[in-house]
Undergrad: 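One structure, as C-alpha cells, below. Some questions next.
Quick note on labels: first sequence line is chain A, next is B, and so on, each numbered from 1. Remember, predicted model here, so these are calculated numbers, not experimental data.
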Amino acid sequence: MNGKTDVKRDNESRILAAIRAIPRGQIAGYGEVARRAGLPGRARLVARVLRGNTDPALPWHRVLRSDGRIAMAVDSPGYLEQTQRLRAEGLMVVDGRVKGVRASPSREDVLDEQVWGMPD
DNA sequence: CTGATGACAGTCC
DNA sequence: AGGACTGCCATCA
C-alpha cells in the first residue's frame with residue numbers, strides 16, 4: 001500500500017514539531033528547521049509545509065530565511081504580519097530583517113545561539 | 001512524462 | 001554585498 005503517503009505525513013509532522021519547538025522570541029532558518037526535523041537539505045519542504053499549514057497555533061513567523069530576512073514577498077500580506085508578530089516577541093525587525101541574526105554567511109555562529117540555545 | 005515553480009540553502013565569483 | 005548557479009524535491013501545468 002501507500003508507504004509514500006505515510007512518509008510524507010511523517011515528514012510534515014516532524015517539520016511542524018521542529019517549528020513548534022522554537023522558543024518564543026527566538027527564530028530559526030528553514031534549513032535549520034529541516035535539519036532539526038531530520039531532513040537535512042529539505043529547506044524547501046519546510047517552505048512547502050508552511051505554505052500549506054492551517055494550524056493557527058503554529059509559530060510560523062519564527063521561521064526566516066538563512067540570511068535572517070523574512071521569506072515572503074515584501075508586498076505580501078504575510079510579510080507585514082510576520083514583522084509585527086516578531087516585534088511582538090521583542091525582536092527588532094528592520095526592513096524585513098531581524099536584528100541580531102547574521103546578515104551574511106560569513107559568520108554562522110550567531111544563528112546557532114539565537115535559535116535553539118545549544119546543539120544536542 | 002517533461003518542464004516550470006517555489007514562504008530555501010550553499011558555494012563561487 | 002549581490003548576482004549567478006546548483007542542489008533538493010513536492011506539486012502543478
Side-chain angles (χ1 to χ4, degrees):
Chain A
M1 57 145 257
N2 299 344
K4 284 186 171 182
T5 306
D6 293 332
V7 172
K8 185 172 72 172
R9 190 171 53 68
D10 186 50
N11 287 340
E12 275 189 33
S13 295
R14 283 188 289 187
I15 289 174
L16 290 174
I19 295 174
R20 294 195 187 95
I22 304 174
R24 183 181 180 286
Q26 295 191 326
I27 57 178
Y30 283 82
E32 211 62 44
V33 171
R35 185 184 299 198
R36 282 284 173 175
L39 301 168
R42 314 279 188 274
R44 297 182 103 153
L45 251 304
V46 177
R48 191 97 200 95
V49 171
L50 278 183
R51 199 173 73 151
N53 130 76
T54 57
D55 186 353
L58 189 73
W60 58 272
H61 55 277
R62 296 178 191 151
V63 185
L64 305 175
R65 275 176 26 181
S66 60
D67 60 355
R69 281 185 172 280
I70 291 178
M72 308 184 79
V74 183
D75 56 3
S76 143
Y79 173 88
L80 196 58
E81 184 172 333
Q82 183 162 20
T83 299
Q84 295 179 354
R85 285 197 180 203
L86 289 172
R87 282 176 179 163
E89 297 197 350
L91 293 173
M92 293 184 290
V93 186
V94 181
D95 191 40
R97 156 168 42 102
V98 175
K99 188 69 172 130
V101 184
R102 70 162 194 252
S104 58
S106 301
R107 37 182 315 151
E108 69 299 313
D109 50 14
V110 186
L111 188 61
D112 281 341
E113 285 186 58
Q114 292 283 318
V115 181
W116 308 94
M118 58 196 318
D120 295 312

Undergrad: Taking the side chain as every heavy atom from C-beta outward, state whether A:R69 and A:D95 have any pair of such atoms under 4.5 Å apart.
TA: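 A:R69 vs A:D95: side chains touch.
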
Undergrad: Would A:R85 and A:E81 count as a side-chain contact (heavy atoms from CB on, under 4.5 Å) if you check the C-alpha gap in whole Å, the side-chain angles of each, and the deciding distance to 0.1 Å?
TA: CA-CA 6 Å; A:R85 285 197 180 203; A:E81 184 172 333; 3.2 Å; yes

Undergrad: What integer distance in Å separates A:R97:CZ from B:dA7:P?
TA: 22 Å

Undergrad: Starting at atom CG of A:L39, determine the distance to atom C1' of C:dA10, rounded to an integer number of angstrom.
TA: 13 Å

Undergrad: Roughly, in whole Å, what's the span from CG in A:D67 to P in B:dA7?
TA: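 Rounding to the nearest Å, CG of A:D67 and P of B:dA7 are 15 Å apart.
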
Undergrad: Among A:L45, A:L39, A:L16, A:V46, which residue meets the side chain to side chain contact (heavy atoms under 4.5 Å, CB included) test with A:V33?
TA: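 Single side chain to side chain contact (heavy atoms under 4.5 Å, CB included) partner of A:V33 among A:L45, A:L39, A:L16, A:V46: A:V46.
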
Undergrad: What does A:L45 touch in the nucleic acid at a heavy-atom separation under 4.0 angstrom: a base, only the sugar-phosphate, or nothing?
TA: sugar-phosphate

Undergrad: Within a reach of under 6.0 Å around CZ of A:R14, are more than 12 heavy atoms found that belong to other residues, nucleotides or ligands?
TA: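 Count over threshold, so yes.
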
Undergrad: Between B:dG10 atom C1' and A:E32 atom CD, what is the distance in whole Å?
TA: 13 Å

Undergrad: Expected output is a numbered-order residue list: members of residues 69-77 of chain A with a heavy atom under 4.0 Å from any atom of DNA chain B. What is it?
TA: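 Here the set is A:A71, A:M72.
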
Undergrad: Rounded off to whole Å, could you give me the CZ-to-P distance for the A:R51 and B:dT5 pair?
TA: 13 Å

Undergrad: Of all the choices, B:dG6, B:dA9, B:dA7, which nucleotide is nearest to the side chain of A:W60 once you look at every atom?
TA: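 My answer, after comparing the listed nucleotides, is B:dA7.
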
Undergrad: Go through the N and O atoms of the side chain of A:Y30 and the base of B:dA7, and report whether any donor-acceptor pair is under 3.5 Å.
TA: yes

Undergrad: A:R35 CZ to C:dG7 P: how many Å, rounded?
TA: 19 Å

Undergrad: Measure the distance from CG on A:L50 to C1' on C:dC9 and round it to the nearest whole Å.
TA: 16 Å

Undergrad: Is the side chain of A:Y30 donor-acceptor paired with the backbone N or O of A:A47 at a distance under 3.5 Å, no angle test?
TA: no

Undergrad: Measuring only between side-chain heavy atoms, which start at C-beta, is A:N11 closer than 4.5 Å to A:V49?
TA: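 They are not in side-chain contact.
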
Undergrad: Starting from the 5' end of DNA chain C, give me the residue, A:E12 or A:G41, whose nearest nucleotide shows up first.
TA: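 Of the two residues, A:G41 wins.
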
Undergrad: Describe the nucleic acid contact of A:R48 in one word from base, sugar-phosphate, nothing, applying a heavy-atom distance below 4.0 Å.
TA: sugar-phosphate

Undergrad: Tell me, please, which residues at least two apart from A:L86 pass side-chain contact (heavy atoms from CB on, under 4.5 Å).
TA: A:I27, A:H61, A:L64, A:Q82, A:L91, A:V93, A:V98

Undergrad: Can you figure out which of B:dA7, C:dC8, B:dA9 approaches the side chain of A:R44 most closely?
TA: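 The nucleotide sitting nearest to the side chain is C:dC8.
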
Undergrad: Atom CZ of A:R42 to atom C1' of C:dT11: distance rounded to whole Å?
TA: 16 Å

